[in-house]
Amino acid sequence: MSQQPLLADRGFYLGPLFRRAADRHGGVFVTLDRPLDTHPARGVDLDYPALADIVEDLSGRLWAAGVRPSEQVVVHKTDNVDIVLLTCAVSRIGAVPVLLSPGLAGPVVGQLLGRLRQPWLVTDRAKLTGPLADIGLAGLVRRTLTVDDAPGTDADPLAQYADAEPPAPVRLHPREPALITHSSGTTGVPKLAVHCPNTMWNRLVPQQAMGWPTRGETAALHMSFVHSRFYHLLGVLLHFGSPLVLITDPEPASVGPLLVRHRPGIVETHPNTFVLWEELADAPGAPLSRVKSYGSTFDAIHPRTVRRLLGASKRRAPWLIQLYGQSETGPVAFQWFTRRSVERADGRRVGIGIPGFTRVRIADADGRRVAPGTPGRIEARTRGRILTYLGARAQYDRQLDGGWWQMGDMGYMSRLGALHLIDREVDQIDAVHSNLAVEDALMERLEELREVVIVPGADREPVPVVCVRGEQPLDRERWREATADLPAMAEPRQWRFEELPMTATWKVKRLEITRMLTERLAESIAGTRASVRA
């Protein structure tokens, strides 16, 4: 008998996450690196029951304010762990959390709000008096609620509902919208991805299986709190009763002492943050010495970084698990790195499909599967695919081909079924087979690099933009030696790391860099002409 009806009834719900974990495991500690904006008096040393209480308290406040099931509630505030607790509180009363990155520009937030149905907005004073001040919120949202005081605005502080009784939990149908996140926005205005409990459950189950070997280990996480990946990882860790260290400030100077104090066995963050955390490999107190498992998702990770991270652990056989996917699909491929395998690792190999849950293929421009080793478009079939793009159904349908989802990446499949990533389709440069492969080579050869990004210039020539650790000047002789056998490129442009346009998950916005380079060239030409005329 078919199992599809049974699977279709399964759901992953965020509202009861912390209460179920508290009931199952008791007072497991949760440490923050800064107090919650919603409950600053609670400090940074909490536990499962305390967070469950806060979720229920916030759900009572939201209900008292008038939020009801199936209504959309945008959470857009300064980065902090209370984004997670607000999300769970919204979900607990059957409303639909819409998570917008703290890093989005005000006009982009305005565009995304316009795609929603007069949503509620939960925000803070910093956003209302800063990026959101001039976008005309009154015409875009039903009401605005703040986690702090916002005098001089039309917002209502959640604190005024502090004594409200939490309502009974509300459980939506497994195929109803239950969470809305947004895509990375690396190619333009982000798209709003609609998740339901059933598709979220189909992402959760394989990740729980992957988490079994490290069940109960202390987990240190620095991840985007508005990305669906965070909530699935949270579901895995709470299920197994892992103590949590939740980090908002990724700077090694603050992260190092925190990790020394708690000695995590699990560490997960974005690939670009792991590059930054290479500094922790030999930091005082050996903060990474007890790590058994590193987790990396959102983007491929440089082999140099993997080698340093694994070398910093004193555990007998640590590993790094890499997940390849996107907001629309969840993870569709995975692979493990060990100390032995990373020595011969190809940074462009992103693994195999997840048995029973995902399949991956390479197709040509007409949607036909190509032979192993032949480059083409990466497509995935998965039970974890989102329901739609809110307000952009036609765009969603264009990315589907008979149930196969176009990932927007170019790659090829080995004869043994391993997926290799070449580049994003929109980032390809004719003169370079793979920008990502060249970047891997440069990161391997020049250990002083914190980042290198190759983008097309004004004439589609490859332009390397480099960031050097400590903002030291790039050694041009070392650069020439490192690039001697690589495709011809323009002279490198050295930028500060903070100048790179990034998404919420620290993905570099390559198209934005190309735009910035073009603008700088135009300004330079204009300045030269003005100087000549003078």
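All values derive from a computational prediction rather than experimental measurement.
- In this pair, His25 and Tyr48 present their aromatic rings perpendicular. The plane angle is above 60°, beyond the 30 to 60° band.
- Smallest separation of non-hydrogen atoms from Arg510 and Asn435: NH1-CB, 4.4 Å.
- Note on ring orientation: taking the six-membered ring where Trp is involved, the planes of Trp405 and Tyr396 are tilted (angle from 30° to 60°).
- The heavy-atom pair separating Ile422 from Leu436 by the smallest distance is O-CD1, 3.4 Å.
- Between Arg445 and Glu481 there is no salt bridge, since no side-chain N of the basic residue sits under 4.0 Å from a carboxylate O of the acidic one.
- At a threshold of 4.5 Å between non-hydrogen side-chain atoms, the residues Tyr412 and Thr374 do not count as touching.
- Between Ser254 atom OG and Ile247 atom CD1 the span is 8.0 Å, to the nearest 0.5 Å.
- Note that the CG atom of Leu419 and the CD atom of Gln335 stand 9.5 Å from one another [nearest 0.5 Å].
- If you take CE on Met210 and CD1 on Ile321, they are separated by 5.0 Å, rounding to the nearest 0.5 Å.
- Salt-bridge annotation for Arg361 and Asp401: present, with a side-chain N of the basic residue lying under 4.0 Å from a carboxylate O of the acidic one.
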| task | May I have the step-by-step check of side chain to side chain donor-acceptor pair (under 3.5 Å) for His195 and Thr181, ending in yes or no? | result | CA-CA 8 Å; His195 310 261; Thr181 61; 2.8 Å; yes

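- For the pair Arg215 and Trp212, the cation sits on the ring face: its NZ or CZ lies under 6.0 Å from the ring centre, inside 45° of the axis.
- Contact of the Pro190 side chain with the Val108 side chain is registered, since non-hydrogen atoms from C-beta on lie closer than 4.5 Å.
- Atoms CG and NZ, from Leu500 and Lys509 in turn, are 12.0 Å apart once rounded to the nearest 0.5 Å.
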| query | Can you check side chain to side chain donor-acceptor pair (under 3.5 Å) on Thr248 and Arg34, steps first, answer last? | reply | CA-CA 8 Å; Thr248 55; Arg34 67 178 61 158; 3.1 Å; yes

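- Between Asp475 atom CG and Leu446 atom CG the span is 8.5 Å, to the nearest 0.5 Å.
- Within the structure, salt bridge (Lys or Arg N to Asp or Glu O under 4.0 Å) pairs that include any residue of residues 274-294 comprise Glu278-Arg304, Glu278-Arg308, Glu278-Arg469, Glu279-Arg469 (at least two apart or interchain).
- Between Val194 and Ile386, the closest side-chain pair of non-hydrogen atoms is not below 4.5 Å.
- Residues Ser183 and Glu328 meet the side-chain proximity criterion, which asks for heavy atoms closer than 4.5 Å.
- Residues Ser434 and Ala437 share a closest heavy-atom pair of OG-N, 3.1 Å.
- Within the 4.5 Å cutoff, the side chain of His227 has no heavy atoms near those of the Thr297 side chain.
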| request: Output, in order, the C-alpha distance, side-chain angles, deciding distance and verdict of side chain to side chain donor-acceptor pair (under 3.5 Å) for Ser289 and Arg263. | output: CA-CA 7 Å; Ser289 62; Arg263 301 288 176 189; 3.1 Å; yes

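- Nearest heavy-atom pair across Ile362 and Ile378 is CD1-CG1, 3.8 Å.
- Using a 4.5 Å heavy-atom cutoff, the side chains of Leu511 and Asp427 are in contact.
- Between the side chains of Arg24 and His239, at least one donor-acceptor pair of N or O atoms lies under 3.5 Å.
- Across Ile266 and Leu237, no two heavy atoms sit closer than the pair CD1-CD2, 3.9 Å.
- For the pair Val332 and Thr358, the tightest heavy-atom approach, listed with the atom from each and the gap, is O-OG1, 2.8 Å.
- Partners of His232 by ring pair (Phe, Tyr, Trp, His ring centres under 6.0 Å), not counting sequence neighbours, listed by chain and number: Phe12.
- Side chains of Tyr231 and Arg203: no donor on one and acceptor on the other come within 3.5 Å.
- For residues 339-358, every residue pair satisfying the salt bridge (Lys or Arg N to Asp or Glu O under 4.0 Å) rule, not counting sequence neighbours, is listed here: Arg348-Asp440.
- The distance from the CZ atom of Arg20 to the OH atom of Tyr13 is 9.5 Å, given to the nearest 0.5 Å.
- Contact annotation: the side chain of Leu32 approaches that of Val30 to within less than 4.5 Å [non-hydrogen atoms, C-beta and beyond].
- Looking only at side-chain heavy atoms (C-beta outward), Met516 and Trp495 come within less than 4.5 Å of each other.
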| message | Thr338 vs Trp319, test: side chain to side chain donor-acceptor pair (under 3.5 Å). Steps then yes/no. | response | CA-CA 5 Å; Thr338 64; Trp319 65 78; over 6 Å; no

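- Here Arg315 pairs with Glu217 in a salt bridge; the nearest charged N to carboxylate O distance falls below 4.0 Å.
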